[in-house]
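In what follows, a single structure is set out as structure tokens and then discussed.
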Amino acid sequence: MTIRPILIHPDPRLKKRCDPVTEITDEVRRAADDMLQTMYDAPGVGLAGPQVGLMSRIFVMDCVKEEDAPPRPMVLINPEITWTSEDLNVHEEGCLSIPEQYAEVTRPAEVRVRWLDLNGGVQEEQFGGLWATCAQHEIDHLDGKLFIDYLTPLKRQLITRKMEKLKRERARL
């Protein structure tokens, strides 16, 4: 497994809609393993393909927060939301591609998601709480949308400027 570099906003790849995965190959399985390793190392609860330069509809997540609970790494290929609750939830979101920036985002409190697993089997699950927020956040990534796109233009611009400065500072090092 390899820890992959995470793209930082603004990067044009983060704003592109990803292509469906047409075949689940060993290369896709290796990418999923790398993504899980990268997510845990960051540390984060979710990571989408485009965040590591993989322009395919794949993301990983593990929203287990309890210290004594076993991890639950998930790989979702070609995910689609098949149902959303009318109830809404406000959650403070962050993003590994927008480090150290957080904002409250309102999303459906529960979602049902259908996806392919690493064996090509169809899975479907209903998520609530952090899991629902994370799944929606990562699917947004696959559609070229970032959590800051839910903010006012002024807040979005302020965060984008901070990220541009961060990228300049990292480039100098």
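No hydrogens, no waters, no symmetry mates; every other heavy atom, side chains included, goes into these values.
Pairing each heavy atom of Gly46 with each of Glu138, the nearest pair is C-OE2, 3.3 Å. When all heavy atoms of Asp117 and Ile24 are compared, the pair lying nearest together is O-CD1, 3.2 Å. For Met61 against Met39, the heavy-atom pair with the smallest separation is CA-SD, 3.8 Å. Here the closest non-hydrogen pair linking Asp149 and Gly144 is OD2-O, 4.3 Å. Across all their heavy atoms, Trp115 and Pro79 have their closest contact at CB-CA, 3.9 Å. Across all non-hydrogen atoms, the minimal contact from Arg156 to Leu151 is NH1-O, 2.9 Å.
When side chains are defined from C-beta on, Glu93 counts as touching Arg107, because their heavy atoms get closer than 4.5 Å. Lys65 has its side chain within reach of Val45: a pair of non-hydrogen atoms, C-beta onward, lies under 4.5 Å apart. Taking 4.5 Å as the limit, every side-chain heavy atom of Glu125 sits out of range of all side-chain heavy atoms of Val113. Considering only heavy atoms from C-beta on, Gln101 stays 4.5 Å or farther from His9 through its side chain. A 4.5 Å side-chain heavy-atom check between Lys167 and Pro10 finds at least one atom pair inside the cut-off. Side-chain contact between Asp87 and Glu110 is absent, with no heavy atoms from C-beta onward closer than 4.5 Å.
A donor-acceptor pair under 3.5 Å is formed between the side chain of Arg29 and the backbone N or O of Leu118. A side-chain donor-acceptor contact under 3.5 Å links Asn78 to the backbone of Val21. Checked by atom type and distance alone, the side chain of Arg57 pairs as donor or acceptor with a backbone atom of Leu142 at under 3.5 Å. Side-chain atoms of Lys16 do not come within 3.5 Å of backbone N or O of Pro50 as any donor-acceptor pair. Between the side chain of Asn119 and the backbone N or O of Gly121, no donor-acceptor pair lies under 3.5 Å. Asn89 contributes no side-chain N or O that, together with a main-chain N or O of Pro108, makes up a donor-acceptor pair within less than 3.5 Å. Using a distance-only test at 3.5 Å, with no hydrogens or angles considered, no donor-acceptor pair links the side chain of Ser56 to the main chain of Ile58. Judged purely by atom type and a 3.5 angstrom limit, Ser97 uses its side chain to pair as donor or acceptor with the backbone of Leu7. No side-chain donor-acceptor contact under 3.5 Å links Asp143 to the backbone of Asp140. Looking only at distances, no side-chain donor or acceptor of Arg112 sits under 3.5 Å from a matching main-chain atom of Thr82.
The distance from the CD atom of Glu124 to the CD atom of Glu80 is 8.5 Å, given to the nearest 0.5 Å. Atoms CD and CG, on Glu169 and Leu166 in that order, are 6.5 Å from each other to the nearest 0.5 Å. The CG atom of Asp26 sits 6.0 Å away from the CZ atom of Arg30 when rounded to the nearest 0.5 Å. To the nearest 0.5 angstrom, Leu146 atom CG is 6.0 Å from Leu14 atom CG. The line from CZ of Arg114 to CD of Gln123 is 11.5 Å long, rounded to the nearest 0.5 Å. Rounded to the nearest 0.5 angstrom, Asp41 CG and Ile6 CD1 are separated by 8.0 Å.
For Glu100, the CD atom is loosely surrounded, since the number of other residues' heavy atoms within 6.0 Å does not exceed 12.
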Check your understanding: Would Leu130 and His91 satisfy side-chain contact (heavy atoms from CB on, under 4.5 Å), going step by step from the backbone distance to the final call?
Key -> CA-CA 8 Å; Leu130 180 59; His91 197 276; 3.5 Å; yes
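Ring planes of His141 and His137: perpendicular class, angle over 60° (limits at 30 and 60°).
In this structure, Lys155 is not positioned above the aromatic face of Tyr150 in the sense of NZ or CZ being under 6.0 Å from the six-membered ring centre and within 45° of the axis.
Criterion: ILVMFWY side-chain heavy atoms under 4.5 Å apart, direct or through other members. Under it, Phe59 and Ile98 are not part of a common hydrophobic cluster. In the hydrophobic clustering of ILVMFWY residues, with side-chain heavy atoms under 4.5 Å counting as a link, Val52 and Ile8 come out apart. The hydrophobic cluster containing Phe127 does not contain Val105, counting ILVMFWY residues as joined when their side-chain heavy atoms lie under 4.5 angstrom apart, directly or transitively. Both Val64 and Leu76 belong to a common hydrophobic cluster when Ile, Leu, Val, Met, Phe, Trp and Tyr are linked at side-chain heavy-atom distances under 4.5 angstrom. Val75 and Leu47 fall within a single hydrophobic cluster, where Ile, Leu, Val, Met, Phe, Trp and Tyr are joined by side-chain heavy atoms under 4.5 Å apart, directly or via other members.
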